[in-house]
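Have a look at the structure below, then the notes.
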Amino acid sequence: MQRRDFMAAGAAAIADRRLRIADSSPPNPQSTIRNPQSAQEPSLSPEVFARRLDRARGELKARGLDLLIATPSTNYEYLTGYNPGRSERLIALLLPVVGAPAIVCPSFEVERIKRHSIVTELHGWEEQEDPHALVRETVRRLRPGSGGGTIALESSTAYQTFLRLGRALPGWKFVDAGPVTDRLRVIKSPEEVALLRRAIAITLDAMAATFAQLAVGTTEVQVAQTLSREMEQRGAPGGGLVQFGPSSALPHGGPAGPKLERETVVLIDCGCRVGGYTSDITRTIWFGDRPSEEFRKVFNVVHDAQTAAMALGRPGTPCEEMDRAARKVITAAGYGPFFTHRLGHGLGMDGHEPEYLVEGNTTRLEPGMVFTIEPGIYQLGKFGVRIEDDCVMTATGVEVLSQRAAKL
């Protein structure tokens, strides 16, 4: 089979579920509240965020916590519908266990944040003022009569911010909000899954177009640029890793490999963002007339390992058992030492988030969890193969949201 025919067949397989979206408007990557009238893109309505705030209050109450403070992050965006970005100027969401939330932000940012966020109570501070003093005043308004309690602080908050908040609120104890926010986000709603499906479809389409443009002499950087351009043309920002030949044996290799030659391996690991939700897909192909027998063997072992994990997955399955199922196949084929990372990770607003499919994680899978299944075999000095698909746990088992690659 000629290279062009081989690539055309591969592109057709990947693009089987293409969406025709050339006429759609590019989304705003910072805002997840979408136009409910759009026929092109799923929406997250203000009601979705109101429910999230209610669930967050429930988690705070169940854990004996009085208040959640979040600075701009995906957790902040998850609760408010907007991520204004983090800088040296303090912006903070304050959510009490009872009552409406408030946001403290620079005065000149009040109108911008109000336009995009579900939160309507905003308190602005002037440049010459101490914003942490305004946080103290706001906490007193939200929790009148309370001289202290326990605050859940969003996990990625800057350490200096934590120190300053501690000085401003000496009667309060601070704990990590990770258990609260992780529990809120780990189960995806149908609206979230719809956004992920859209991101996945765009990613597959852009990958197919990129593979079809591979040519001898191109560099990994040039192909990565093509990939990002193909995603942008489909209305979603994104990109990823491109690795040729021996570079593919590095699970996260950088763009420093040789120029593309015929009869070699090409690995692309990429994703894009739609409405704040991120896809993550890896495909490994043979660029040339005919895959080598060794590549064919390794590819099919990886494919079988992925199949084994997908077949095992049911509600109640421990995350570590998914990893074990894939690893057992690869080990039996003699490649155990070359599978050097966990099987997969949770997927949503962050490219990597809980739950992780890894040895030692006894958390049981639940309907609504979205995760990758991405076994790999990496032989240094030769090549690597990784196949990564995005999946959701249903009431009956694993549903693959991306279109799987075919065995060779």
Using distance alone, with no hydrogens and no angle criterion, decide if N361 and T363 have a side-chain donor and acceptor under 3.5 Å apart.
yes
Side chain to side chain contact (heavy atoms under 4.5 Å, CB included) partners of S155, counting only residues at least two apart
D176
May I ask you to check whether T74 and R185 show a side-chain donor-acceptor distance below 3.5 Å?
yes
For the atom pair CG (N83) and NE2 (H116), what is the distance rounded to the nearest 0.5 Å?
11.5 Å
Apply side chain to side chain contact (heavy atoms under 4.5 Å, CB included) to P337 and list each qualifying residue two or more places apart in sequence or on a separate chain.
none
Hey, could you give me each pair passing side-chain hydrogen bond (donor to acceptor under 3.5 Å, both in side chains) that has a residue in residues 309-326? Not counting sequence neighbours.
E320-R324, E321-R324, D323-R327, R324-E359
Please evaluate residues E399 and R404 with respect to the criterion salt bridge (charged side-chain N to carboxylate O under 4.0 Å, His left out), reporting the C-alpha separation (whole Å), side-chain torsions for both, the decisive distance (0.1 Å), and the verdict.
CA-CA 11 Å; E399 177 189 349; R404 292 189 68 191; over 6 Å; no
For T372 and D390, does a side-chain donor sit closer than 3.5 Å to a side-chain acceptor?
no
Go through the structure and list residues passing ring-ring contact (aromatic ring centres under 6.0 Å, His included) with H341, not counting sequence neighbours.
F339, Y378
Using the test side chain to side chain contact (heavy atoms under 4.5 Å, CB included), find all partners of V216 that sit at least two apart in sequence or belong to another chain.
R262, F287
With a 3.5 Å cut-off and no angle check, do the side chains of S228 and E230 form a donor-acceptor pair?
no
Give a yes-or-no answer on whether the side chains of T71 and T157 include a donor-acceptor pair shorter than 3.5 Å.
yes
Residues R89 and E127 bridged, charged N to O under 4.0 Å
yes
Sorted by chain and residue number, the side chain to side chain contact (heavy atoms under 4.5 Å, CB included) partners of T278 (sequence neighbours excluded) come out as R273
Honestly, is R52 close enough over F49, meaning NZ or CZ under 6.0 Å from the six-membered ring centre and within 45° of the axis?
yes
Look at the side chain of R234 and the backbone N and O of R229, then say whether any donor-acceptor pair between them is shorter than 3.5 Å.
no
Between the OG atom in S73 and the CD1 atom in I91, the distance rounded to the nearest 0.5 Å is 11.0 Å
Inter-residue atom distance R51.CZ - E191.CD, 0.5 Å rounding
5.5 Å
Which residue pairs satisfy the salt bridge (charged side-chain N to carboxylate O under 4.0 Å, His left out) criterion with at least one member in residues 113-126, sequence neighbours excluded?
E111-R115
Verify the distance criterion only: is there a donor paired with an acceptor across the side chains of S248 and Q243 at less than 3.5 Å?
no
Sequence neighbours excluded, every pair satisfying ring pair (Phe, Tyr, Trp, His ring centres under 6.0 Å) that has a member inside residues 131-155
none
Could R283 and F211 be counted as a cation-pi pair, given that NZ or CZ must be under 6.0 Å from the ring centre and within 45° of the axis?
no
For H345, what residues pass the ring-ring contact (aromatic ring centres under 6.0 Å, His included) criterion, not counting sequence neighbours?
H352
Please list all pairs passing the ring pair (Phe, Tyr, Trp, His ring centres under 6.0 Å) test where one or both residues lie in residues 383-408, with sequence neighbours left out.
F295-F383
Under 3.5 Å, side chain of E77 to main-chain N/O of P72, donor-acceptor pair present?
no
Are more than 12 heavy atoms, taken from residues, nucleotides or ligands other than E129, located less than 6.0 Å from that residue's CD atom?
yes
Test your reading of the model: is there a side-chain donor-acceptor pair from T226 to the backbone of Q222, 3.5 Å cut-off?
yes
Could you check whether Q306 and E374, counting side-chain N and O atoms only, form a donor-acceptor pair closer than 3.5 Å?
no
Please list all pairs meeting salt bridge (charged side-chain N to carboxylate O under 4.0 Å, His left out) that have one or both residues in residues 61-73, counting only residues at least two apart or in different chains.
E59-R63, D66-R143
For F174, ring-ring contact (aromatic ring centres under 6.0 Å, His included) partners two or more places apart:
F162
I'd like to know if the side chain of Y277 pairs up with that of E192 as donor and acceptor (distance under 3.5 Å, no hydrogens or angles considered).
yes
